[in-house]
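Working notes, beginning with the structure itself.
Letters A, B, ... are given to chains in the order of the sequence lines, protein chains preceding strands, and every chain is numbered from 1.
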There are 2 protein chains.
Amino acid sequence: MSVSTVSKALNGNGRMADDTRERIKRMAAEIGFRPNALARGLLSNRSFTVGLLTNDTYGRFTLPVMAGISEALVDHGVSVFLCAIEDDPALGKVHVDAMLDKQVDGIIATGKRVDRSLPVDLARLPVPVVYAFTKGEPGSVTLTADDRHGATLATKWLKEIGRKRLLHISGPKDFVSAVERAEAFREAAGRDAPVLHGVWSEAWGHEAIERIWNEGDEKPDGIFCGNDQIARGVVDALRERGVKVPDDVSVVGFDNWEIMAAQTRPPLTTVDMNLKELGREAGLMVLALAEGRAIEPGLRKLPCKLVVRESCGGADRRN
Amino acid sequence: MSVSTVSKALNGNGRMADDTRERIKRMAAEIGFRPNALARGLLSNRSFTVGLLTNDTYGRFTLPVMAGISEALVDHGVSVFLCAIEDDPALGKVHVDAMLDKQVDGIIATGKRVDRSLPVDLARLPVPVVYAFTKGEPGSVTLTADDRHGATLATKWLKEIGRKRLLHISGPKDFVSAVERAEAFREAAGRDAPVLHGVWSEAWGHEAIERIWNEGDEKPDGIFCGNDQIARGVVDALRERGVKVPDDVSVVGFDNWEIMAAQTRPPLTTVDMNLKELGREAGLMVLALAEGRAIEPGLRKLPCKLVVRESCGGADRRN
DNA sequence: TTGAAAGCGTTACCAG
DNA sequence: CTGGTAACGCTTTCAA
């Protein structure tokens, strides 16, 4: 057997006697032959490798995205380099260069904020780049969760289960996510529905409730929180004041951060950004680009979904 | 210039006129020349790539380990494939095969439990394997956090700040970690110091406190918890009963899971398993093995450290 | 239907 | 001190 015959047999190329092909395949399987991807890549200019660049240390957003990418690409024989670059431009460059040297077929950038870019310049790279849940260069392929959609989902749900006096407690105003969620909230809840901006922490959720309940005003009966941590703080603060969740007040979170949402008492109804799905799409897109298929550039906002648990009541209306 | 001369100039090999070498280097830098790692790897049998295999979905343990590995190896030009295999043996095999095809220089296995193996057989692989925070094959190189040491640190700290009636609330008895921490606790706190086994959740921390405080017995004044989630449940339950932490009772956690430990009110004093350091060592070890340097096989237990926050008081004794 | 040869980008070795 | 050549493991093209 010559190498070339074997190659053709294994790859289904060329024409040859069916039994020759079968015999070769059988032998290859028997001795556990596995082609060297490096050699193959040298020739084909495809390494079946992509890089995932992130500055999200806790991996709160990166892990689901990574899982989606990996799941989508493993079927195509593609492996993923994970590079955590913090906010260090030098480290970013080192990792990008290392990936390029290794001839990655493409790079996916992700992070902890959709309105900030990573501290590395990924424009004019010799490989395709897709931005997922981080800010991309103008004219790039970018995927993001649709914050407005998520916020609308949450707010409408509160109205649907009969809540009238809605309040939104969220993170800092200099986060585009916070602003967009607040706008969508007002659109659905009414122009003058109150919005409180603070930070993304449990402590702020607490503080906001203190503030509201210590004022003389009418209390809200439905609270939409900018993330699950705030929601957790809110739920805890309400319980400590003897306000019943969900009987007196319904609370919705944002992120569906399992470990937080499921451990809250009661477990949180919350918006899920479908980050795994986002990762999957990002993976398929770099792959398409790497294979020379065209992808319309621009910003794609992927829909969110509402995960109903117990912090709102009205779960019977779930469909 | 011939290719071979350029190669030697860039790699510092062979002998040649210094100015020739300089000129070549300058030109290379100018045109942004970067050697193709695939071609290089084909020849040298080194891909400057390692694989990290994990079944830890939330990445709670994997992320710090990964960060350590990456940090240690980036200086050596090594990139890391991250493969999340859940508990699916088939998926595990697919990922391992993909990595082997790509000629990884080594594989690091990690997971969510030190007393369980990943659902893949990594024995007799053609590349070195290091186990970090997961159970390894007999005779393998394995790194783990020293649970006994961590528990001793926590218990001694409670005694040191003057606590007398110590209690340990931990996870299920079928976790070796839970058993070893409990044993070390008893060794330091006294043979008959009480230990409660439950699950690794906030809810269990709560429940344990209910149970203890509803019995007529003498109440503990120092509680060492098996993880930070339990500790959080404990602290919350105590606060809700009007028991002051740390004035009346000191609480220590385990894991130093920032997002949990720092958000607890008051923030948790807790044991840190130094997972990043563990990852760093694991990385350097696979690298050594890949380069043919010998590493004594066996189980290495790395020391923990105590991170002092506010849930114990006595922080003035910190040194 | 099969095999020989060229070439992918690099490094190591040996001649010049 | 420099350049040609072989080799790494594979795929593709062309000739037998």
Side-chain angles (χ1 to χ4, degrees), chain A residues 1-49 51 76-79 96-106 125-127 290-292, chain B residues 1-49 76-79 97-106 125-127 290-292:
Chain A
M1 282 299 102
S2 77
V3 262
S4 51
T5 310
V6 173
S7 169
K8 280 180 290 188
L10 262 31
N11 294 301
N13 296 331
R15 273 169 317 179
M16 60 201 310
D18 279 357
D19 73 316
T20 314
R21 190 175 297 255
E22 276 318 309
R23 202 154 41 85
I24 292 177
K25 281 190 172 175
R26 199 155 16 85
M27 297 220 67
E30 215 163 284
I31 65 169
F33 171 81
R34 312 225 89 217
N36 181 322
L38 263 43
R40 200 181 260 201
L42 194 52
L43 210 46
S44 65
N45 275 317
R46 294 270 278 103
S47 64
F48 291 89
T49 279
H76 299 266
V78 175
S79 307
V96 170
D97 284 348
M99 295 194 305
L100 292 178
D101 288 353
K102 281 159 192 143
Q103 313 292 117
V104 289
D105 297 333
L125 247 41
V127 298
E291 289 171 351
Chain B
M1 284 298 103
S2 76
V3 261
S4 52
T5 311
V6 172
S7 170
K8 279 179 293 188
L10 262 30
N11 294 299
N13 295 332
R15 272 167 318 178
M16 61 200 309
D18 278 357
D19 71 317
T20 314
R21 189 175 299 253
E22 276 318 309
R23 202 154 40 85
I24 292 177
K25 283 191 172 176
R26 200 154 18 83
M27 297 219 65
E30 215 163 285
I31 63 169
F33 172 82
R34 313 226 88 216
N36 182 323
L38 262 42
R40 201 180 259 201
L42 193 52
L43 207 49
S44 64
N45 275 317
R46 292 271 280 104
S47 64
F48 290 89
T49 279
H76 300 266
V78 175
S79 307
D97 284 348
M99 294 193 306
L100 293 178
D101 289 353
K102 281 158 193 147
Q103 313 292 116
V104 289
D105 296 333
L125 247 39
V127 297
E291 289 170 351

In whole Å, what is the span from the [atom1] atom of [X] to the [atom2] atom of [N]?
X	N	atom1	atom2	value
B/Asp19	D/dT2	CG	C1'	13 Å
A/Leu10	D/dC10	CG	P	10 Å
A/Lys8	C/dG3	NZ	C1'	7 Å
A/Leu42	C/dG7	CG	P	14 Å
B/Met16	D/dG4	CE	P	14 Å
B/Asn36	C/dG9	CG	C1'	6 Å
B/Asp18	D/dT2	CG	P	10 Å
A/Leu38	D/dC10	CG	P	11 Å

B/Ser7 or A/Leu43, whichever maps to the more 5' nucleotide of DNA chain C =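 Its nearest nucleotide lies further toward 5', so the answer is A/Leu43.
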task = Flag the pair A/Leu10 / A/Ile24 as yes when at least one side-chain heavy-atom distance between them is below 4.5 Å, and no otherwise.
result =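 Side chain of A/Leu10 against side chain of A/Ile24, heavy atoms only: contact under 4.5 Å found.
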ask   = For D/dC1, does OP1 or OP2 lie under 4.0 Å from any side-chain N or O of B/Thr20?
value =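 No, B/Thr20 has no side-chain N/O under 4.0 Å of OP1/OP2 on D/dC1.
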key: Of A/Phe33 and B/Thr5, the one whose closest DNA chain D nucleotide lies more 5'   =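 Mapping each residue to its closest nucleotide by heavy atoms, the 5'-most match is B/Thr5.
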Whichever of A/Arg40 and B/Ser2 has its nearest DNA chain D nucleotide further upstream toward 5' =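 Taking each residue's closest nucleotide, the earlier one in sequence belongs to B/Ser2.
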key: Atom of A/His76, atom of A/Phe48 and distance for their closest heavy-atom approach   =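 Result for this residue pair: O-CD2, 3.6 Å.
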ask   = What's the shortest heavy-atom distance between A/Ser47 and A/Gln103, and which atoms?
value =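 Where A/Ser47 meets A/Gln103 most closely, the heavy atoms are OG-O, 2.7 Å.
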request  = Determine whether more than 12 heavy atoms belonging to other residues, nucleotides or ligands lie under 6.0 Å from atom CE of B/Met27.
outcome  =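 Not buried by this count: 12 neighbours or fewer within 6.0 Å.
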ask   = Looking for any heavy atom pair under 4.0 Å, which part of the strands does A/Asn11 touch: base, sugar-phosphate only, or nothing?
value =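 Sugar-phosphate contact only.
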message = Within the 4.0 Å heavy-atom criterion, would you say A/Arg46 contacts the bases, only the backbone, or no part of the nucleic acid?
response =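 The residue A/Arg46 makes no contact with any strand.
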query = Just checking, any donor-acceptor pair under 3.5 angstrom between side chains of A/Lys102 and B/Ser79?
reply =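 Judged by distance alone, the side chains do pair up.
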key: B/Ser4, nearest nucleotide to its side chain (from C/dG3, D/dG4, C/dT10)   =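 The listed nucleotide nearest to B/Ser4's side chain is D/dG4.
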